Number of protein chains: 2
Amino acid sequence: MNLLSRHTDYAVRALLYMANRVGERVSSMDIHRDLKLPRPFMRKTLQVLQKEGYLVSVKGHKGGFMLAMPPQKIRLIGLMRIFQGDISLSDCLFRKKLCRCVAVCPLRREIKSMEAVLVDRLSGVSLADLMVR
Amino acid sequence: MNLLSRHTDYAVRALLYMANRVGERVSSMDIHRDLKLPRPFMRKTLQVLQKEGYLVSVKGHKGGFMLAMPPQKIRLIGLMRIFQGDISLSDCLFRKKLCRCVAVCPLRREIKSMEAVLVDRLSGVSLADLMVR
DNA sequence: TCTAATGATACCATTATTGTATCATTTGTA
DNA sequence: TACAAATGATACAATAATGGTATCATTAGA
Ligand code: FES
Ligand code: FES
């Protein structure tokens, strides 16, 4: 099971890269060169991060990106939500609900429990945590 | 996030249907008629269930399927494993690992914890549980 | 003014999932 | 015995999600 999409994956890597170069302007070219991520695709990732307020961008020659907030504030769950939508498991695991009334569903408590744990664990992870490796 | 594939979904529905008709032979046509599942596709689902030992099949005229075990023994996690493979979150959430050495990864404990909860919760759910709705 | 960068967007490719069709084989029944 | 109704096996097709490329306009430093 794949919890992260490429966009999320690349976002973390790119942000991590920039977190290690605070103060510098980092271009998509830099990241591409050093991290070997497919440039045009990852460029879109960065643009989204900029729109979402995670990055500050400077256009033009010698332009590039910089973190818009400290690594402690960037949390994995936030990035996942941006690129993969809400990680809710919804009311029912099935495509069309199985039980007459969701309120009586014997699976509901399990579903909510799983959901809570996932969100909780992922919320606990910040970019800063990943820097200390 | 979608935890169940169509095959798993259909498997549960079909098995549930049969669990309510113990002793009878249920054909794919019956299920199709009553549950409105796409027949050729769901037929494959049934064939897999047969191969995996969940169903006994009888070929020929008036043939069909029957549960090969009591509903208490059929667990959601088992069906998921068959149709969707292991639900392991693997060692690293990322496509290529982020950390020098997985052993030092700060995410590992979270990953394992999430995995354990998922498997645990899903293991707790049997077909019998879903019948009482 | 040239060049190297981002912004925006349209398009393409790949893969996974979902679904259909077909034919061989089996078996109850008229 | 022939027919019909079922599964077994398998190949094929459609769809959707994901991943990736290309292009052009705009911006700004040298
Ligand atoms: S409503 Fe979905 S399993 Fe009960
Ligand atoms: S090895 Fe994957 S995040 Fe650490």
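Because the structure is a prediction, the values reported are computed rather than measured.
- Qualifying side chain to side chain contact (heavy atoms under 4.5 Å, CB included) partners for B:K97, counting only residues two or more places apart in sequence or in other chains: B:C92, B:V102.
- Neither OP1 nor OP2 of C:dA5 sits under 4.0 Å from any side-chain N or O of A:S57.
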Please write out the pairs of protein N or O atoms and N or O atoms of nucleotides 13-15 of chain D separated by less than 3.5 Å, giving the distance to one decimal.
none

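- For the pair A:Q84 CD and D:dA17 C1', the computed distance is 12 Å after rounding to whole Å.
- To the nearest angstrom, C1' of C:dT26 lies 12 Å from NE2 of B:H61.
- Annotation: proximity of residues 21-30 of chain A to DNA chain C (heavy atom, distance under 4.0 Å) is found for A:S27, A:S28, numbered in ascending order.
- We find that CD of A:Q47 is positioned 5 Å from C1' of C:dG7, with the value rounded to whole Å.
- Residues satisfying the side chain to side chain contact (heavy atoms under 4.5 Å, CB included) criterion with B:H61, sequence neighbours excluded, are absent altogether.
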**Message:** Under the criterion side chain to side chain donor-acceptor pair (under 3.5 Å), I'd like the reasoning laid out for B:R39 against B:S28: C-alpha separation, chi angles, the key distance, then a yes or no.
**Reply:** CA-CA 7 Å; B:R39 193 154 85 101; B:S28 66; 3.0 Å; yes
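- For A:F65 and C:dA4, the CZ to C1' distance is 13 Å, given to the nearest whole Å.
- Between A:G60 and A:K51, the one whose closest nucleotide on DNA chain C sits nearer the 5' end is A:G60.
- Shown for residues 5-12 of chain B: residues whose heavy atoms fall under 4.0 angstrom of DNA chain C, namely B:S5, B:R6, B:Y10.
- Using a distance-only test at 3.5 Å, with no hydrogens or angles considered, a donor-acceptor pair links the side chain of B:S123 to the main chain of B:V119.
- Annotation: of the two residues near DNA chain C, A:G64 and B:K59, the 5′-most nearest-nucleotide partner is A:G64.
- Using a cutoff of 4.0 Å between basic side-chain nitrogens and carboxylate oxygens, B:D30 and B:R33 are scored as salt-bridged.
- One can place CG of A:L46 at 12 Å from C1' of C:dA5, the figure rounded to the nearest angstrom.
- When the P atom of D:dT7 is taken as reference, atom OH of B:Y54 falls 20 Å away, rounded to whole Å.
- Between B:L130 and A:P106, some side-chain heavy-atom pair lies under the 4.5 Å cut-off.
- The phosphate of D:dG8 has OP1 or OP2 within less than 4.0 Å of a side-chain N or O from B:Q50.
- Because its NZ or CZ atom is not both nearer than 6.0 Å to the ring centre of A:Y17 and within 45° of the ring axis, A:R13 does not count as a cation-pi partner of that residue.
- Of the possible donor and acceptor atoms, none in the side chain of B:D9 sits under 3.5 Å from a partner among the backbone N and O of A:F94.
- The aromatic rings of A:F83 and A:H7 sit parallel to each other, their planes meeting at less than 30°, with 60° as the upper class boundary.
- Judged by distance alone, with hydrogens and angles left aside, the side-chain atoms of A:D34 form no donor-acceptor pair with the main-chain N or O of A:I31 at under 3.5 Å.
- Between B:L37 and B:H32, the closest side-chain pair of non-hydrogen atoms is not below 4.5 Å.
- Annotation: side chain of A:V58 is in contact with side chain of A:R25 (closest heavy-atom distance under 4.5 Å).
- Only B:P38, B:P40, B:F41, B:R43, B:K44, listed by number, bring a heavy atom of residues 31-44 of chain B to less than 4.0 angstrom from any atom of DNA chain C.
- The backbone N or O of B:K112 lies less than 3.5 Å from no partner atom in the side chain of A:R121, so there is not a single donor-acceptor pair.
- For the pair B:M66 CE and D:dA6 C1', the computed distance is 16 Å after rounding to whole Å.
- B:L55 is listed as a side-chain neighbour of B:M18, based on a closest heavy-atom distance under 4.5 Å.
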